[in-house]
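These notes are about the structure you will find just below.
Letters A, B, ... are given to chains in the order of the sequence lines, protein chains preceding strands, and every chain is numbered from 1. Note that these values count all heavy atoms, side chains included, but never hydrogens, waters or copies made by symmetry.
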2 protein chains.
Amino acid sequence: MTAPTRRERLRTATLSEIKDGARRLLVTGGIEAVSLRAIARDMGMTAPAIYRYFPSLEALVAGLAGDLYDELRQEVEAARDGSGPDPAGQLLEMCRALRRWAVGHPAEFTLIFGNPVPGVIEFADQCDNPDHPGARLGAVFLTPFVELTRGSRLPTPPAELLQERLGGHLAPLATSHGPLPIEIAYTFLSAWTRLYGLVAMEVFGHLGWAVDEPEALFETELISQLLQFRPAEPGDALPEGGARH
Amino acid sequence: MTAPTRRERLRTATLSEIKDGARRLLVTGGIEAVSLRAIARDMGMTAPAIYRYFPSLEALVAGLAGDLYDELRQEVEAARDGSGPDPAGQLLEMCRALRRWAVGHPAEFTLIFGNPVPGVIEFADQCDNPDHPGARLGAVFLTPFVELTRGSRLPTPPAELLQERLGGHLAPLATSHGPLPIEIAYTFLSAWTRLYGLVAMEVFGHLGWAVDEPEALFETELISQLLQFRPAEPGDALPEGGARH
DNA sequence: TTGACATAGTAAACGGCGTTCACTCAAATG
DNA sequence: CATTTGAGTGAACGCCGTTTACTATGTCAA
């Protein structure tokens with residue numbers, strides 16, 4: 001690996017300038033504002049030049065989506081590392097970090113967690129690959145979740161009902177994250193869809209008819225969901241929301 | 001109210017032909033395939049003619065979204081009316097009807113429940129109006145839900161915690177659907193976001209990493225959620241999923 | 001019946017978009 | 001120094017929403 005030549009330096013600089021421009025357009029005008037011509041215009045270039053770096057606008061958007069997944073994951077990991085060793089507290093802060101990122105970056109959240117945009121479709125289609133950015137984000141949540149459920153009574157339907165209804169359909173989860181007891185797998189999926197539903201409804205503006213401060217509902221849901229995990233240990237205080245802003 | 005004149009008949013026919021064309025384009029190519037020029041082309045017209053019926057493409061899309069809300073609501077109402085008087089059974093079939101419609105009409109579901117598309121934004125912004133199609137859909141679920149909770153023990157956090165966290169932020173819900181006890185309001189919102197999260201993740205392709213048959217997870221969630229409502233009445237059999245297809 | 005008016009449609013144009021193609025010019029390579 | 005590679009340009013094609021001016025045609029009152 002020798003030192004990068006001049007052309008290589010210029011190329012990577014231009015590449016990140018393209019990505020930055022795309023991100024800026026995404027933030028200010030939503031996904032439909034991201035156009036090759038606008039990116040190039042902001043850079044003082046012409047649109048066809050971008051084809052030296054991306055084969056199409058869709059590919060550019062797909063690359064952007066991958067970066068956003070990683071950014072969100074790092075945010076969530078930082079929240080986990082910034083709280084104590086208690087998995088419940090870790091999950092609490094991780095969920096808050098996810099919501100905070102989503103609310104603070106609605107266009108970015110929409111791109112990776114909303115309707116599949118043309119460029120992101122194939123990207124999302126292969127998300128049962130463990131190396132897929134989306135799968136890696138899920139894994140960050142799964143680890144403390146499994147630890148939390150260890151020794152807790154899970155508020156699930158009876159195991160035989162789970163096995164009968166769900167037993168044969170969890171192969172993708174096992175492929176991407178390893179085998180899990182069915183109660184834990186179901187509880188995780190349930191919690192994940194609840195988290196998604198709440199955050200997505202807020203970001204997409206589908207909660208305005210119900211609450212004027214979605215964060216209150218979010219916090220209540222978090223508490224409610226965590227409360228269900230330790231019904232047999234009354235002496236165990238629930239982590240009270242730490243530093244907020 | 002006299003008989004419609006010839007021009008009026010022609011006008012309403014053209015109007016519904018425009019809407020049908022927009023719907024067809026939405027189904028076959030997603031929202032970005034809906035263009036005035038394509039609609040007009042399919043009708044053997046030119047694009048500017050559509051401006052005699054809609055002030056812009058966005059308005060046309062907003063009108064389409066309103067129709068879709070009503071269509072989904074009628075579907076859900078039919079499911080309710082087709083099941084017995086038991087509110088739990090009604091809700092079960094209504095949730096199934098919602099998912100069935102969403103999975104069967106992914107582009108339509110995406111339009112009204114996904115990221116706000118430009119034309120649908122202002123449309124969604126005023127959904128705390130009780131006459132808004134979205135609010136009317138919610139009301140259809142709320143009625144049997146309230147009946148179900150009557151006399152059931154709700155699996156919520158303590159009422160004082162709810163009041164403290166959520167009490168001051170439910171004004172929009174009270175405006176659009178009338179005042180509710182806070183436990184019922186919270187439980188309804190929680191159930192609604194769970195339903196939304198599950199269906200949206202399936203339709204948007206965000207569950208592929210976990211399950212190969214999202215309906216199994218959906219049914220499990222429904223059962224699990226309904227089970228929580230009647231923990232004190234063991235003699236009461238749970239409705240077993242009726243006709244499916 | 002005739003004339004005035006409202007309505008529905010057209011064609012042309014403007015600016016924006018993704019993408020392709022032929023071309024130029026500078027950097028890297030031998 | 002000659003050659004090849006790569007980055008970038010300009011023109012073009014066919015889409016798109018929208019506006020404008022204009023033409024028929026249905027409607028309705030005088």
Side-chain angles (χ1 to χ4, degrees), chain A residues 1-22 24-26 28-65 111 117-122, chain B residues 1-22 24-26 28-65 111 117-122:
Chain A
M1 184 61 73
T2 168
T5 166
R6 165 175 171 78
R7 263 227 279 247
E8 284 169 347
R9 275 186 292 113
L10 284 180
R11 182 174 180 84
T12 58
T14 306
L15 199 101
S16 63
E17 194 182 348
I18 292 174
K19 281 185 175 178
D20 289 350
R24 189 168 350 104
L25 288 166
L26 175 69
T28 59
I31 185 60
E32 76 254 17
V34 180
S35 75
L36 292 184
R37 292 187 127 109
I39 297 170
R41 201 161 35 232
D42 290 353
M43 298 173 62
M45 281 192 354
T46 58
I50 300 184
Y51 283 82
R52 299 284 172 189
Y53 300 87
F54 293 95
S56 70
L57 174 64
E58 292 192 2
L60 197 161
V61 171
L64 184 56
L111 179 60
V117 173
V120 194
I121 292 179
E122 325 80 55
Chain B
M1 183 62 74
T2 168
T5 166
R6 167 176 169 77
R7 258 225 285 246
E8 285 170 348
R9 276 187 290 112
L10 284 180
R11 182 173 180 86
T12 59
T14 307
L15 198 100
S16 64
E17 193 181 350
I18 293 174
K19 281 185 175 180
D20 290 350
R24 191 169 347 105
L25 287 166
L26 175 70
T28 58
I31 185 61
E32 75 256 14
V34 179
S35 76
L36 293 182
R37 291 187 127 107
I39 295 171
R41 201 162 36 233
D42 291 353
M43 297 173 63
M45 281 193 355
T46 60
I50 299 184
Y51 283 82
R52 300 285 173 190
Y53 300 87
F54 294 95
S56 70
L57 174 63
E58 292 192 1
L60 196 161
V61 171
L64 185 55
L111 179 61
V117 173
V120 192
I121 292 178
E122 327 79 58

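- You won't find any donor-acceptor pair under 3.5 Å spanning the side chain of A/Arg52 and the base of D/dG6, going by distance alone.
- If you check every strand for non-hydrogen atoms under 4.0 Å, A/Phe54 touches nothing.
- In terms of heavy-atom proximity, A/Ala38 sits nearest to A/Ala33 at CB-O, 4.3 Å.
- Residues B/Tyr51 and B/Leu36 have side chains in contact (heavy-atom distance under 4.5 Å, counting atoms from C-beta outward).
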Polar-atom pairs under 3.5 Å, protein N or O versus N or O of nucleotides 13-20 of chain D: list them with distances, or write none.
{"residue": "D/dC16", "atom": "OP1", "partner": "B/Ser35", "partner atom": "OG", "Å": "3.1"}
{"residue": "D/dC16", "atom": "OP1", "partner": "B/Arg41", "partner atom": "NH2", "Å": "3.2"}
{"residue": "D/dC16", "atom": "OP2", "partner": "B/Arg41", "partner atom": "NH1", "Å": "3.1"}
{"residue": "D/dG17", "atom": "OP1", "partner": "B/Leu36", "partner atom": "N", "Å": "2.6"}
{"residue": "D/dG17", "atom": "OP2", "partner": "B/Leu36", "partner atom": "N", "Å": "3.2"}
{"residue": "D/dG17", "atom": "OP2", "partner": "B/Arg37", "partner atom": "N", "Å": "3.0"}
{"residue": "D/dG17", "atom": "N7", "partner": "B/Arg37", "partner atom": "NH1", "Å": "2.3"}
{"residue": "D/dG17", "atom": "O6", "partner": "B/Arg37", "partner atom": "NH1", "Å": "2.9"}
{"residue": "D/dT18", "atom": "OP2", "partner": "B/Tyr51", "partner atom": "OH", "Å": "2.6"}
{"residue": "D/dT18", "atom": "OP2", "partner": "B/Leu57", "partner atom": "N", "Å": "2.9"}
{"residue": "D/dT18", "atom": "O5'", "partner": "B/Tyr51", "partner atom": "OH", "Å": "2.7"}

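- Between B/Arg11 atom CZ and D/dT27 atom P there is a gap of 13 Å when expressed in whole angstrom units.
- Counting all heavy atoms, side chain and backbone alike, B/Leu60 lies closest to B/Ala22 at CD2-CB, 3.7 Å.
- Note that the first and last nucleotides of DNA chain C, 5' to 3', having any atom under 4.0 angstrom from a heavy atom of chain A are C/dC17 to C/dA28.
- Under the rule for a side chain to side chain contact (heavy atoms under 4.5 Å, CB included), the partners of A/Leu26 that lie at least two apart in sequence or sit in another chain are A/Ile31, A/Val34, A/Leu64, A/Leu68, A/Ala107, A/Glu108, A/Leu111.
- In this view, B/Arg52 satisfies the side chain to side chain contact (heavy atoms under 4.5 Å, CB included) rule with no residue, not counting sequence neighbours.
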TODO: Kindly determine whether B/Tyr53 and B/Lys19 satisfy side chain to side chain contact (heavy atoms under 4.5 Å, CB included), including the steps that lead there.
DONE: CA-CA 10 Å; B/Tyr53 300 87; B/Lys19 281 185 175 180; over 6 Å; no
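- The side chain to side chain contact (heavy atoms under 4.5 Å, CB included) test applied to B/Thr12 returns no partner, not counting sequence neighbours.
- Applying the salt bridge (Lys or Arg N to Asp or Glu O under 4.0 Å) definition to pairs two or more places apart or across chains, none involves residues 9-18 of chain A.
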